[in-house]
Every structure is written in structure tokens, then in C-alpha cells.
Amino acid sequence: MPVSGLVLTLSANGGTAAEAISALKARPEIECEAPRGNKLPVAVDTLDRTKDQALWRWINELPGVDFIDVVFISFPEDEDSPEVAEAC
Amino acid sequence: MKRRDFLKRSAMAAAVAAAGPLPGQTTVPEYTESAEGDTGLEWEKAPCRFCGTGCHVMVGRENGKVRAIAGDRKADVNKGLLCVKGYHVGMILYGQDRLRYPMLRKNGEMTRISWDEAIDVIADRVEADPAAFAIYGSGQWTIPEGYVAQKFMKGGLANNHIDPNARLCMASAVTGFISTYGVDEPAGCYQDLDECDVLIMWGNNPAEMHPVLFSRVVDRRSRGEEILMIDIGTRRTRTTDHCQHYLEFKPHTDLAIANGIAHLLIKNGTWDKKFVENHCNFRADTEKPTLLGREITFEEYKKLVEPYTPEYVEKISGVPAEKIRLLGDLFGQRDIRICSLWCMGMNQHTRGTAINNLVHGVHLLSGHFGRPGDAPTSLTGQPSACGTVREVGTLAHALPGGRVVANAEHRAETEKLWNLPEGRVNAKPGYHTVLMWEKFCTPTEEGGDIGTIWVQVTNPGQTLPNRHKLFEAKRDLKDKFLIVSEVYPTASTELADLVLPAALWVEKNGVYGNSERRTQQWFKMVEPPGEARDDCWQTLAVARRLYERGFEAMKGRDGRFIFDIRNEDGSEIPYWKWEHYYDTNVDKALFEEYRQFTRLKHKDLAPYDEYVRAHGLRWPVVQQQDGTWRETKFRFSEFDDPYVTKGAEFEFYHSVTKDGRALIWFRPYEEPPESPDDEFPMWLSTGRVLEHWHTGTMTMRVPQLRRAMPGAYVEMNPKDAARQGIVNGERILVETRRGSMELPVWVEGRGHPPEGTVFIPFFDETLLVNDLTLEAYDPFSKQPDFKKCAVRVRRIPNEPYQEKGLAPVNANAPG
Amino acid sequence: MRMRQVETFSDRTKGSRLVFIGVACVLAASLVGYLVGLSQEPYVTALPRTTTSYAPSTVMSAVSYSDMDVMSAGPNAGWKSATVAELAGDSPPPPVYEDQEQLLALKKASLAERAENRAFNGAPPLVPHPIDGLMLESCMACHGEGLALGEVRAPRMSHEYYTNCVQCHAPLGQPFQEVGLDTPSVFVGLRAPLEGARAWEGAPPIIPHATYMRNDCMSCHGPAGAPGLRTSHPERHNCQQCHAPSAELDQASIGDFDESGFMSIFDSRNAGN
């Protein structure tokens, strides 16, 4: 249900930062834009708040990500969630 | 689009925006080569275009354009240093929207016309009703420009309706000097700042307004010198940060403080008996106060200041009694040197003349006068407020060289020097600024007998007080005609019927006179843009057109043109034709003519060429036996002023009482014309900021200055803001009885007003604070009080900044 | 690459400005969203809402964690622009340039960047970062000796000590209204020369600018100077032994001293008199 926009501050270590980007790209809930310096803009779309929180924790612990800034968040009603939309 | 996709896009857009631009998207500046660098420029001296300090700059130009500015190390005023405005002064010529062509309002539309047509339009207005024609100028006129306008009006049209914006700026200083010493302008000079032990600033913020002079004092501290600095003010400023004492007084009560010092000097017996006995007389108001009052004895004076005990002064002013005692003790010490500085705080005051008298009085009574470092010094805000307004006398009542129209002898001398028929100069003073604009904004049939005003080198649309009444009202009066000579579009050109593009600063020759009696000359260095032309030429061309039409007022005694300039062989120079204007140095010819006026009041000027050589000279400039010219630093002091009788030590040789003595005045504290009340519970004060000068017409077009100070704001005390829940940056409604406006709030910003006071700078032409100010003025100087009136502030419902808020106040407070 | 050191300070302010732009985007998006018929407006959290706190003016109020990211001044401003490792590390040693072409490129980049921050060559540079106007001495903390920390470089004052820094160096604007340097102007400021003239190839170049107010050569040409402008021989201390200044630019004519001991000045127009 939640949709959020995050800015991730990537680590100065180029290697782990690159690994972090691949790991992020591999998650279907996460959409990545091209990094701006050490800032990576991402959009996150998850099914419910629990999953959203879990994903947030996962990103937070991801080596190569130093900081997370939440710049946008929305909690659309359930009928707007992907499953409901697809069911229609 | 699915709503969810829309949301995701919004989320990503926010993240992208917050993350910053992609690498490579930022514009990387490119290096532009300069082959020879600084050495490729031609450098030449000029005084700065801005304030009355009168710094000299070196102007670097290349291919006919100004490309760099440096402080002039040879200049005694600034010794190589400038302020942020001075370093960028060359850029004022290059705003993109410079006025380039004469424009006439035809059927409501501004239409480009030729100069020839423009000159005809003005000549027609003059001929139609010469008695209703007025000129409004400023302390930014060069001396020759002001001199030409002065002669055009007083020697030509003879209605005396010429006044400068300096009336809004330092008229009270003039009346203060005249009623104290019998003659205008400070006795000391900037050297006082180098030698004083104590510097007292009366409602003055030189750290921002006269920064180069301020540095001259505070930089002494980094050389290990000790200076006691005292700020007597109504609001904390950058100046306060450098002061050991800050005496915060309730607006308008500075008179009580000055009287309190006099009271202590007498009570403690620390007044300078010898100085007072030899060099001073006492004065007090007549029943109906006048500029020159009545003579009183020392005993009467003593009785008049008797009530001003430190406790009584504390009650009136809010300044603790022990701080009044501190001032009394300092003035009571003869072995230290005390310099007082003031500018608009004391001058823009309905008791302006009175407070000027009192501060001079405190210095005279204590003998802190006439030794280097011991001086009551008034500063000016405009580059030639002294030179052009006070010395050339471009005021409604004055004639050049300290003369006045009311004096028959002065008129006769003027007529003789101007070669005019006897009786040409009118004895009746013209309208002073507020009255001139009031008459202009009043319908003709209701007694508004000023029909045309020609504005030169100033911006009354922004600076007049209560501008709804004194400026905007013109909009509906179809028979009134406003002519504005300007360099950029302003609040004044907006209402103009005829706009004339003017040359600016080093686009023309010029002479200025600064705050310390220093006359400074410069040459034209670059061409003005488009068809812009010198203000001096503009007035002369109109005069010539009138002369050619046979208009009697432009003819002298022998029928010659009143501005007759001839070659050595006696042939006339047709300088009124623009292409011939620079065939000769018109400035020099006019200056040499004007110079003859300057002896009467011992304000002797040297020949023009001496100023070409020097970086300014302080009058009286007296020729020595060996033919050289010597300037005077300390007037009325025997050790330096050649006009003081030998052995007199001090002599006020233009004394009101004709006995060589200065006057120590008693002027009582009186209530201000408008004070906060239930309806309008706060004080409103207005003023300037470091980065902008006057109405910002020039400085707001310098990117570096505009970036530093992009717009007006209202300064509030944090407690007042918190009480109403106002956050930094929030726009609020500021209202007085005369108008209202919306402004962003700046708490803990540039200045720090006490509770119950707000402050708004006047430089921003999009937020005209003079919609709010009061036009009440000093009865003698006719100078309005821009520094105080009653105001209220209110939040605006749903103002967007209330929601956004700002990062904590202190962290954002820039310098 | 360490080319854009000076920019780092302005990047910080850009950063905070962009956050504001971000907010504006989000607000715009939420408005559009509302109009297209979303039943619920997105909840915007981009910036913690700050209530104005009022502390005595000379004391900086403590920063709450939620505010830290948006601070544009103070000890925590821009704290994410350097990593902990970088902050802990020593300043890197000045690079030794061997590649002349690379050196020239660095120099051009540094000069161009320098030009961005002043109206013309010789104008006092603008203050590229927020400052606290109440504590002017704090300028001296970094600019007194000069420092380079990571990418951040604070040049040492090039002139003698003056008390009132903001008299000449224009600070950033007010916190609630920002304009850049885009005021329309046709002024073309003098640009810095690429190098001083040399008598022959290999001769020491003359100083192509005034040394007045720029009399501490190490401010720009020292180890903490911008890349490409640093001296190749920091071990030598007496610059003017080999590099000649310009008397005209310094407004001085040699041998002509006034009473204060200053060399008196050469006035070009009146030189002939």
C-alpha cells in the first residue's frame, strides 16, 4: 500500500556502493534513477506498512548505503493497491 | 494514468529533485582568457557614486567600458579600502534596462521622441506658466549640475521653487550648524576618527551606512589602540556589536539624554569654564520657538537643564541612570578626546534641529571641540549633499555660498556675480520639498500652484514620506506634468509624463563635495548608453531654447544668455548642441564662476585644476604666499584655520551673535507627533542596509549586491513574533494610519529591534515603505521624520510560509 | 579528481535549496493529485516542520536531529557531504604536477570557478556559504590560517586583518528569499590572466595582478590554494625575489613615500604634471 520517494546517500567506497545499487535494482518494489554523485533517488512501492518497514530496514542495513532520507510518502487506500487494481 | 503510477512518479520526482542534478548537468564555468590581465587597463581616479563618505576609487577601463574597480590608495578618505558597494560601483552603469531615449507620454503611452522635441516640451511648459515650474534635485547632483539648476531657477525663473531630496536627508543638520555656529558644515574632519578616545554614535549605524569610516575607527583596535565606543540607539545593529556600551532609548527621547549630560556637567562642575567663557553664548527657545531663539544667561541655562537628572532622563528615555552618568563622566574629562557621529537618526526627526543643537551644545559646554579627535561630526548620506546642496545652496530659501534669498545684500551680490538685472532674484523662499509635492499633488483649482516638476538625479516616487498623498495623487491630475531625468526605470518614472535618459557617474565630468568639506573632481571616462546625456547639459539646453525663443528670464543685464561660456578669443561656444558639449570643459567654466561665491562664508574653493591634481581638498582652501593651495582640516581652531584671529585659540567667525562665539542651546524634550497607542501599538522605523544605496535604483542592478540583499523585510523582536506565532519568512500585514503592505518577517536578521519596534529598509521599489511613513516635519528644517510612527502588524490567514516554517532562526541569521 | 574544491561550500547551499525545490515539487504534485481525484492527499514528509525557536541572539540554539538535514549553517550543516573517514583523515598532500597539459586544464578550471565568485578580477569574493553575522571573528577561524579539509577549502585571507569582513565580502541573501546572480547586467568584468608575462621562456613570470589587498601570495598560491594555481616550489618563501609586481597596479611609484611611510601613488592622468 505505501508509496515512498527516498534519497539514499551512498558510501564513498565505490565498490560497495555499486553492489548496493545492483542489490536495490534487483528488488521489484524498488525503482532506481541514475545516482547524482553519492545521492541515489529511488521510488518504493510496497503492499503494506509492515512490508514497507521491513524493506526500509533492509535498505538501512545494506552495505554501501550510508543514509536514507524520506522525501515523499503516501498511503493510498487498499482498493488502489496493485492486487486490488489487478483484480478489477 | 493509474493513480498509483501517478503517485510513484510523484515519489520519484521528489526524490530526484532532492538528490540534485546528474553529474554533467551542472554548468561548469568556462575560463575566458584575458590576455594581459589587469595591466591591460587604463586606470583613473573618481569619487565613489554612493554615500557622503566620499571614498576615491580607481576606475579600470578597456575599450570604452569600465571593467574593474580598485580602492584608491592615495585617497586620504579611504586609504585604499572600499565597501561592498564601492567595489561594485562600476557595474551600476551596466544594468540591462538603462534608459536610452527620451520618452513622452502620448495618450497614456510612453513614446520615443527626439531630444529636440523633449527640450521643446519642457520649454513650452516653462513658457506656459513659469511661476508654476519647479525643479526637484538631490545631493547626487554634481556641483556644476546643481549650480546650473540653481541659476536657472533663482536667477532665471525667479520663483525659487527648487529643492533637493537632501531636505529629506540632512536639512536638520544644516539648521543645527547654522543656529549653533552661524555657518553650515562640520568644523572637524575624518582625522577625528583616527584620534578620538571615545566614539559616541547617536542613532547611527556606520558599520552599514558609512562602513569605510567605521573601519577607520575599529581597525585601530587591531593595531592595539583602545577606543571606547558607545551606541545610543533604538535598535541593535552591526555597529552595536563593536560597542562596549549600548544605550537603548525610547524613540525621540535623545533630547532628554543630551540635556541629561549637560545637567551632569554643570552639577559636577566639570564643564569647561574657560572654553565657555571665551567662546560661547547661551540660547533658548522663544515662546513661539524660532530657529535663532533668544539669548539667555548661564544662570538661566543652568535652571533650564536642572530638571534633567539622570533619574528623570531614565524615566523619559528608558536608559538607566548610571549610563547617563557614564556619559556625563566621559564628557567631564578634558584629557580624553570625544567624537560624536550622527546621520539620519538625528536628522530625520521632528525635533531634528533641536537635537543637533543639543549635541553640539554638549561638546561646547564640555570643551570637547576643535582639537583633533574632539568633534561633533554629522555625516551625510549622499555623495554631494554638502557640495551641491549646502554649498551651492540648491534649497528653496538659499543662494550660493551660504547666502539666503531673504537677505537683500545677498540677493544683490548674487545678481552682480550672475550679471542679472537688479531685482531679478526673488526675496520670497520657494516651496520646500514636502510643500512642493503637496502643491503638485493638489488640483490647480484648489490652490495646487505647482504645475510642472522636473526631477533630476533622485527618486521621489520612492523616498517621499506618505507617498499616497505626496506622489501617487498626481496620477489623477491631468494638467500636472512630471519630468524625470533618470538612468533606470523607477517609481518616479512610472508616473512621469516625460522621461529623459541621463548620463551616470563616470559617463560625465563631475565634482562632488563630501561630509568633511572635501571637494572632489573627476573626468568623463566612458560614453553613456543610447542617447543618454548629462543632466547639466539637459538644463542648459532648455535654458538656451528659452533664450532663443526670446524668453526674458534667460537673459542677463546686457541681454546675453545667462549661461554664457566663451572661448579665450571671446567667441561663444555652442555647448548647448550636444555634439559640442565636450568641446570645452563646461564643468570647469561653471565651477570657476561658482567659486567666486564661496569667499563670503570662508568656504573658499581652489581653482578647478587644483582638484584635478588632488584627491579632493577640504575648504577653506587658501592660497599661500608661494602660490600653492592649502586645505583646512580643523575649522575655527587657530592651529589650523587661517581665518581665526591670532591668539584667539578658537573663533567662530560667522557667529550668530557676531562676537566670535558659538551658541549653547537649551531645547526641551517634547513628545513625538505620533506615538504607539491601542490601535497602532508599535513603533515603525525605516532605514538603509549596507548593500543598497538610497532607493536601490543602482545597487539592485548589481547581481552581487542583489544576491546579498534581494528584498525588503520587516525586522521584529523574537518576543513580539512569538507572541503572535509569527515564523521567520512569513509574510505579515504591516499597517499605519496612512497605508498598509505585506512583508516577510526577519527575526534575528540584520538588525535587532527591541520589543514594540519594527524596522523596514526603504531600498526595495517593490515594497515601498513610504506608503506607511508620516510626513510630519521639523518646523525649522522642514525635514520629515522617517524614523518613527505608530504601526500594527497582523498575520495573514493561510500564508504559505506559516506552514513551511524555516530552520531555526539563529542558524540562518546571515551577517 | 580534486578539481571542484571551492564549489563544495556552494554545493551545500545548493543542496538545501534543492530540498526546498523538492518540497515545491511535492506540494505541486499533491495539488495535481488532488485535482485528478485522489481520495486521499499524499502525506508529505519531505521536511520536518520547524517551529521557530527563540534563543538569546548570541547563543546558537541546539539543533534537533530532525532539523539537522536542513540546516544551512552551524556546526551540523552539510554533515553528509563528507564521509566520516574523510573527516577523520588528514588533508591530502599537495599534488605534484608533472603533466603540463593537465596542469593547464586544472588552472583554467580553477580560474573559471574563481571568476564565478566575484564580479571581476580584483573584486572582493562573495561569501559562498551562510554565515552568522553576529560573530564576525568566526570568519578568522577558517580564513585566518586557511585550511583544506577533504574537498573543502577555505583560503587564507590574502590581505592584512580588517575587522569588518562583511564590509567588502557580500554574504548570501536572507534565509527566506533567495536570488542568484542572475540580475540582468551587461557588465563584463575583467577576467584573470592565465599567467604573467615572461621575459623569455623559462623566466619567472611577473605578477599579473595588483598585490595590494593580495599581498599574501600563499592565500591562492600556497599548498591550500586551488589546483593549478599552487606554486610548484612551495619551499621558496620570498616570492618577489623572482616575481616582479606592477608598480602601476599597486598604485605606487617607487621612491615616493608619503608621511605615513606608505608609498604614494601614481596618478595616471596627472603623471605628466
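This is a predicted model, so every value here is computed, not measured. So you know, we letter chains A, B, ... as the sequences are listed, proteins then strands, and number each from 1.
- Heavy atoms only, all atoms of each residue included: B/Ala11 and A/Ala43 are closest at CB-CB, 4.4 Å.
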* **side-chain contact (heavy atoms from CB on, under 4.5 Å) between A/Val44 and B/Lys8, worked out** => CA-CA 8 Å; A/Val44 180; B/Lys8 262 175 90 171; over 6 Å; no

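- Atom CE in B/Met12 sits 11.5 Å away from atom CG in A/Asp45 (nearest 0.5 Å).
- In this structure B/Arg706 satisfies the side-chain contact (heavy atoms from CB on, under 4.5 Å) test together with B/Met700, C/Val179, C/Thr183, sequence neighbours excluded.
- The shortest heavy-atom contact between A/Val42 and B/Ala15 is O-CB, 3.8 Å.
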